[in-house]
2 protein chains.
Amino acid sequence: MSRKTFQRLSLDDRRRSLMEATLSCVARHGLHGASVRRITEEAGVTVGLVRHYFGSKDEMIRNAYAYLVGQLTAQASESANRGEGSPETQLSRFLRANMTMPNMAEETVSLWATFIGRVRHDPGFAEIHRDGYREFLSVLETLIEPVLIRHGCPHSVAICKNHAIALNGLVDGLWMEGALNSGLYARDILPDLVITSAERLLGLPAGVLADPQGTLQQPLQRSKQLEQPEQKSKAS
Amino acid sequence: MSRKTFQRLSLDDRRRSLMEATLSCVARHGLHGASVRRITEEAGVTVGLVRHYFGSKDEMIRNAYAYLVGQLTAQASESANRGEGSPETQLSRFLRANMTMPNMAEETVSLWATFIGRVRHDPGFAEIHRDGYREFLSVLETLIEPVLIRHGCPHSVAICKNHAIALNGLVDGLWMEGALNSGLYARDILPDLVITSAERLLGLPAGVLADPQGTLQQPLQRSKQLEQPEQKSKAS
DNA sequence: CACATTGTTATACAATTGAATAATTTATCA
DNA sequence: TGATAAATTATTCAATTGTATAACAATGTG
């Protein structure tokens with residue numbers, strides 16, 4: 001009947017450990033299956049620490065949600081601020097990253113959706129969501145503007161913001177349905193799909209994002225002009 | 001100490017009543033707060049009926065999810081099969097409907113997200129989701145194809161399907177973020193935004209969906225004869 | 001090495017949970 | 001009207017929930 005041996009962790013380490021265990025449990029069992037006991041067992045500690053570090057279970061879950069959103073936005077910001085390559089390369093890389101693996105993990109999407117369901121009724125959740133969404137929009141605007149400029153497209157603040165809203169919607173939707181992968185189509189069509197869709201949404205010439213270096217566009221004049229018939233109609 | 005008076009309902013009525021109470025509770029309190037007692041109280045009955053009609057709480061929730069998805073897809077299908085107006089009008093109407101009120105109710109989006117979070121781990125949920133998603137894609141393809149044809153755009157089955165996937169992603173994403181309405185922008189910009197975005201995604205001339213009748217297009221140089229404005233029959 | 005600090009465990013507790021069973025009322029039909 | 005079927009209520013039950021409190025032990029400071 002000896003007591004469990006343990007080691008004391010720093011406040012940050014223990015909190016992070018508990019938040020990650022919370023996310024893991026919520027992803028696996030849903031909010032209704034993520035009990036204090038399951039979470040603390042996952043973290044390798046006993047139930048008392050929840051009260052000690054977060055005051056209550058609800059507060060711990062709120063912190064875990066903020067932690068998740070922080071991770072997502074941080075890697076988005078990083079992707080935007082790396083600054084390597086042309087604007088087209090950066091935007092393209094960002095979009096592709098959102099349609100491929102570590103980002104499009106089913107677990108992340110499940111978590112995201114589960115928490116989104118609480119945003120409406122829990123002001124704490126709503127604030128966390130809003131901050132993350134704002135950050136994501138901001139990243140997109142930052143990525144979009146220089147691309148628009150380089151191709152002579154309208155690029156006022158209002159236009160950039162609208163483009164960011166629409167592009168974010170596209171990415172969110174594809175990200176979610178793609179991660180759930182209902183089997184209605186192969187997941188690996190999504191990176192190319194989001195790229196060409198983004199070109200069209202922003203009114204860019206075809207291929208500008210698909211092939212940012214222009215390596216494939218040596219001799220080709222404006223082939224594949226199936227997009228932007230608005231200009232075509234003006235010509236004809 | 002008299003017993004509660006009650007009236008016997010038909011199997012369908014009682015089941016529907018319980019499923020709607022379930023959705024109401026899940027939307028308000030989340031999956032973890034939707035207990036059998038709260039749900040049955042909301043439905044005005046006692047707890048025993050859950051077992052009697054669904055066998056278990058989990059099965060009742062699964063049925064409620066299927067009921068929700070059925071409603072969403074039904075009104076989508078109806079919107080597509082009404083067949084009133086030009087193809088552009090139909091597609092435009094469908095897109096606008098998804099970005100305006102009864103469809104974009106916060107409650108519906110909260111419900112949708114909450115259940116999505118369970119799709120990954122519960123095969124029953126996954127099947128319901130897949131069927132609904134397939135139906136939604138199908139509706140979009142049906143709406144998209146004639147529009148593409150009328151404007152001379154490529155319209156193979158594969159192309160239509162890709163367009164449907166992208167457009168559905170856009171609609172899903174805007175629908176969700178718009179319903180949560182974090183206050184970062186006014187909700188009423190979304191109908192126009194989704195319309196112009198759709199025009200670009202599909203490679204249509206600007207304004208084709210925004211103004212399906214062409215009332216604002218004075219220069220009739222374009223082959224406008226193709227449009228058969230049967231819109232007059234809308235009055236009847 | 002003694003000792004205070006406090007991170008951590010262990011346990012208790014009331015409340016709530018989903019499910020099962022028995023009792024009772026409603027509706028239907030002859 | 002009276003009997004029958006079954007929809008619904010009432011109640012019980014064990015299990016689980018979140019939280020609170022007290023006992024303990026790991027850590028580092030003197």
Side-chain angles (χ1 to χ4, degrees), chain A residues 1-26 28-65 114 118 121-122 124-125, chain B residues 1-26 28-65 114 118 121-122 124-125:
Chain A
M1 294 287 279
S2 68
R3 277 202 163 205
K4 177 186 176 189
T5 67
F6 61 90
Q7 70 173 357
R8 307 164 84 128
L9 257 60
S10 75
L11 186 139
D12 281 345
D13 285 347
R14 187 60 81 194
R15 281 175 62 96
R16 186 170 343 112
S17 162
L18 281 168
M19 290 188 293
E20 285 172 354
T22 301
L23 294 181
S24 167
C25 276
V26 171
R28 229 171 330 153
H29 309 104
L31 269 179
H32 72 289
S35 68
V36 168
R37 283 168 179 79
R38 254 206 274 251
I39 293 171
T40 50
E41 185 190 19
E42 169 101 11
V45 295
T46 53
V47 293
L49 290 198
V50 171
R51 176 178 159 80
H52 188 261
Y53 280 102
F54 297 97
S56 73
K57 177 200 175 189
D58 282 348
E59 197 56 35
M60 178 170 73
I61 291 189
R62 243 173 254 125
N63 276 270
Y65 178 42
T114 300
R118 299 303 318 140
H121 292 285
D122 187 317
F125 278 54
Chain B
M1 295 287 280
S2 68
R3 277 204 164 207
K4 177 187 176 188
T5 65
F6 62 92
Q7 70 172 354
R8 307 163 80 126
L9 258 58
S10 75
L11 188 139
D12 282 344
D13 285 346
R14 187 60 81 195
R15 282 177 60 97
R16 186 169 346 111
S17 162
L18 281 169
M19 291 188 293
E20 286 173 353
T22 301
L23 295 181
S24 167
C25 277
V26 171
R28 230 174 328 160
H29 309 104
L31 269 179
H32 72 288
S35 68
V36 169
R37 283 168 178 81
R38 255 206 274 252
I39 293 172
T40 52
E41 185 190 19
E42 168 102 10
V45 295
T46 53
V47 293
L49 290 197
V50 171
R51 177 176 158 82
H52 187 260
Y53 279 101
F54 298 97
S56 72
K57 177 201 174 188
D58 282 349
E59 196 57 36
M60 180 170 72
I61 291 188
R62 240 172 257 125
N63 276 270
Y65 178 42
T114 300
R118 301 302 317 141
H121 293 285
D122 187 317
F125 278 54

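To find a chain, count down the sequence lines: A is the first, B the second, and so on, and within it residues start at 1.
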Over how many whole Å does the gap from [X] atom [atom1] to [N] atom [atom2] extend?
X       : N      : atom1 : atom2 : answer
A/Gln7  : C/dT8  : CD    : C1'   : 12 Å
B/His52 : C/dT21 : NE2   : P     : 14 Å
A/Ile39 : D/dT16 : CD1   : P     : 16 Å
A/Lys4  : C/dG7  : NZ    : P     : 17 Å
B/Arg15 : D/dT8  : CZ    : P     : 13 Å
B/Asp13 : D/dA7  : CG    : C1'   : 13 Å
A/Met60 : D/dT17 : CE    : P     : 13 Å
A/Arg14 : C/dG7  : CZ    : C1'   : 8 Å

Nucleotides 12-19 of chain C: protein proximity per nucleotide (B base, S sugar-phosphate only, - neither; heavy atom, under 4.0 Å)
B----BBB

What is the nucleic acid contact for A/Leu9, judged by heavy atoms within less than 4.0 Å: base, sugar-phosphate only, or nothing?
sugar-phosphate

Remember a base hit wins even if backbone is also touched, and classify A/Phe54 as base, sugar-phosphate or nothing at under 4.0 Å, heavy atoms.
nothing

Just to confirm, is there a sub-4.0 Å distance from OP1 or OP2 of D/dA7 to any side-chain nitrogen or oxygen of B/Tyr53?
no

Do B/Arg38 and B/Glu41 meet the salt-bridge criterion of a basic N to acidic O distance under 4.0 Å?
no

Any donor and acceptor pair, going by atom type alone, linking the side chain of A/Ser24 with main-chain N or O of A/Glu20 inside 3.5 Å?
no

State whether the side chain of A/Ser17 and the backbone N or O of A/Asp13 hold a donor-acceptor pair below 3.5 Å, judged by distance alone.
no

Any chance you could lay out the side chain to side chain contact (heavy atoms under 4.5 Å, CB included) test for B/Thr40 and B/Val45, step after step, and finish with the verdict?
CA-CA 5 Å; B/Thr40 52; B/Val45 295; 4.0 Å; yes

Derivation and outcome, side chain to side chain contact (heavy atoms under 4.5 Å, CB included), residues A/Ile61 and A/Arg118
CA-CA 11 Å; A/Ile61 291 189; A/Arg118 299 303 318 140; over 6 Å; no

Would A/Leu18 and A/Asn63 count as a side chain to side chain contact (heavy atoms under 4.5 Å, CB included) here? Give the steps.
CA-CA 10 Å; A/Leu18 281 168; A/Asn63 276 270; over 6 Å; no

Should B/Phe54 and B/Met19 be marked as a side chain to side chain contact (heavy atoms under 4.5 Å, CB included) after you check the CA-CA gap, both sets of side-chain angles, and the distance that decides it?
CA-CA 10 Å; B/Phe54 298 97; B/Met19 291 188 293; 3.9 Å; yes

Side-chain donor or acceptor of B/Arg3 under 3.5 Å from a matching atom on the base of C/dT25?
no

